[in-house]
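What follows is one structure encoded as structure tokens, with my remarks underneath.
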There are 2 protein chains.
Amino acid sequence: MDNQDIRKAGLKVTLPRIKILELLENNTQRHVSAEDVYKMLLDKGEEIGLATIYRVLTQFETAGLVTRHNFEGGHAVFELDRGGHHDHMVCMVCGKVEEFIDTTIEKRQREIAKEHGFEMVDHSLIIYGHCGNPKCKVGY
Amino acid sequence: MDNQDIRKAGLKVTLPRIKILELLENNTQRHVSAEDVYKMLLDKGEEIGLATIYRVLTQFETAGLVTRHNFEGGHAVFELDRGGHHDHMVCMVCGKVEEFIDTTIEKRQREIAKEHGFEMVDHSLIIYGHCGNPKCKVGY
DNA sequence: ACTTGCAATGAAAAAGATTCTCATCATCAT
DNA sequence: ATGATGATGAGAATCTTTTTCATTGCAAGT
């Protein structure tokens with residue numbers, strides 16, 4: 001039950017929060033900006049303010065329901081936390097995002113942090129490149 | 001000669017560009033925002049516009065003289081490209097930035113990209129955590 | 001079901017970062 | 001030296017995100 005997730009986060013179960021969580025769960029593209037969420041909900045006929053989207057997404061992030069990514073482009077994107085951590089691969093042409101996880105890299109990161117006297121809390125690995133689509137290859 | 005770097009980038013050698021490059025070379029903190037550069041140059045008595053800072057930093061980035069990072073915090077930071085690529089480790093409390101490079105991770109990244117049909121062009125790896133300073137440990 | 005406190009909301013304003021416009025000025029090849 | 005072209009500064013504009021504040025709605029207790 002999603003509503004329980006909201007309640008567990010110490011937040012009241014309100015319509016905007018339910019709608020935002022539903023959208024994050026059902027939307028085809030997993031990485032969306034606040035603006036994206038706003039427009040999609042408006043398109044669905046919901047009445048909601050952009051400020052609420054930002055507030056709720058930040059609360060969801062604090063609660064660990066959602067992760068915020070600072071990809072290139074001047075705006076943050078949000079993604080529903082489906083249990084497992086993973087890293088990202090972004091196509092610089094079409095913007096396609098692939099997710100991956102690699103134990104070798106994960107392990108090395110912890111080691112490197114320790115070597116530098118750091119205690120790793122989180123990390124962000126983003127590979128930028130050209131995806132398999134021929135239109136995204138160099139030369140076009 | 002720095003000015004040659006500017007010229008090689010196809011840019012005219014102007015006072016603002018020289019001053020910005022000098023600052024990036026001599027400043028103690030290697031990661032600075034456009035606003036940082038602006039204030040530092042003003043403090044040094046230089047007359048320069050913020051718009052110019054943004055323009056020049058973007059040009060330097062395009063020319064490969066400078067790298068732009070999208071760390072957390074809503075604004076980009078820039079760093080002089082001193083030849084070698086490297087990744088970052090950021091203290092979530094004091095903001096300290098350490099640099100590192102690890103061949104194991106570098107190699108794996110290329111492999112992973114290929115496995116997903118991507119051709120890697122660039123990447124960004126940022127480890128967030130608590131640095132060695134006792135004040136930055138959990139519990140404070 | 002009814003009240004009521006406190007959190008949540010929407011709209012608009014504000015703040016912060018970055019880009020754009022445009023008139024003026026400086027660089028550099030000739 | 002000089003002229004074409006690119007570069008600059010100031011401010012306006014744009015874009016993203018946060019804040020303010022009056023109003024509304026949830027939820028705990030009756």
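Residue numbering restarts at 1 for every chain, and letters A, B, ... go by the order of the sequence lines. As a basis for the values below, the full set of heavy atoms in this structure was taken, side chains included, without hydrogen atoms, waters or symmetry mates.
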In whole Å, what is the span from the [atom1] atom of [X] to the [atom2] atom of [N]?
X	N	atom1	atom2	result
B:Phe71	C:dA17	CZ	P	16 Å
B:His75	C:dT19	NE2	P	14 Å
A:Leu50	C:dA11	CG	P	11 Å
A:Leu42	C:dT9	CG	C1'	15 Å
B:Ile53	C:dC20	CD1	P	17 Å
A:Ile18	C:dT9	CD1	C1'	14 Å
B:Glu47	D:dA10	CD	P	7 Å
B:Leu15	D:dT8	CG	P	9 Å

Shared hydrophobic cluster for A:Val56 and A:Leu11 (ILVMFWY, side-chain gaps under 4.5 Å):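 Same cluster: A:Val56 reaches A:Leu11 through Ile, Leu, Val, Met, Phe, Trp or Tyr contacts under 4.5 Å.
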What nucleotide, of [options], holds the atom closest to the side chain of [X]?
X	options	answer
A:Thr58	C:dA17, D:dT8, D:dT18	D:dT18
A:Lys12	C:dA26, C:dA17, C:dC6	C:dC6
A:Arg7	D:dG6, D:dA27, D:dT17	D:dA27
A:Thr14	C:dA8, C:dC28, D:dT17	C:dA8

Given DNA chain C, 5'-ward residue of the pair B:Leu11 and B:Gly74, judged by closest heavy atom: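 Comparing both residues, the 5'-ward one is B:Gly74.
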5'-most by nearest nucleotide on DNA chain C - A:Pro16 or B:Ala34: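 It is A:Pro16, whose closest nucleotide lies nearer the 5' terminus.
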Whether A:Phe71 and A:His31 hold their rings parallel, tilted or perpendicular, with breakpoints at 30° and 60°: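 Correct class here is tilted.
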B:Arg55-B:Thr52 side chain donor-acceptor pair, cut-off 3.5 Å: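 Their side chains do contain a donor-acceptor pair, which is all the 3.5 Å distance test asks for.
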B:Leu65 and B:Leu24, any side-chain heavy atoms less than 4.5 Å apart: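 Not touching, per the 4.5 Å side-chain cut-off.
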Straight-line distance of B:Met92 CE to B:Cys131 SG, nearest 0.5 Å: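 Here the interatomic distance stands at 12.0 Å.
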Atom CZ of B:Arg110 with >12 non-hydrogen neighbours under 6.0 angstrom: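 Counting other residues, nucleotides and ligands, CZ of B:Arg110 stays at 12 neighbours or fewer.
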Presence of A:Tyr54 side-chain N/O under 4.0 Å of D:dT18 phosphate oxygens OP1/OP2: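 No, outside the criterion.
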Tabulated below should be each protein N or O lying under 3.5 Å from an N or O of nucleotides 19-24 of chain D; please produce it.
from, atom 1, to, atom 2, distance (Å)
D:dT20, O4, A:Arg55, NH1, 3.4

Sugar-phosphate only, base, or nothing, as touched by A:Arg68 at under 4.0 Å among non-hydrogen atoms: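 If one applies the 4.0 Å heavy-atom cut-off, A:Arg68 turns out to touch nothing in the nucleic acid.
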Touch class at under 4.0 angstrom, heavy-atom based, for B:Ile48 against every strand present: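 Result for B:Ile48 = sugar-phosphate.
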Under-4.0 Å salt bridge between B:Lys114 and B:Glu111: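 No.
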Pairing partner (Watson-Crick or G-U wobble, both distances under 3.5 angstrom) of C:dA12: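 Result: D:dT19.
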Exercise: identify the closest heavy-atom pair between B:Leu50 and B:Ala34: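 Looking at all heavy atoms of both residues, the closest pair is CD1-O, 4.1 Å.
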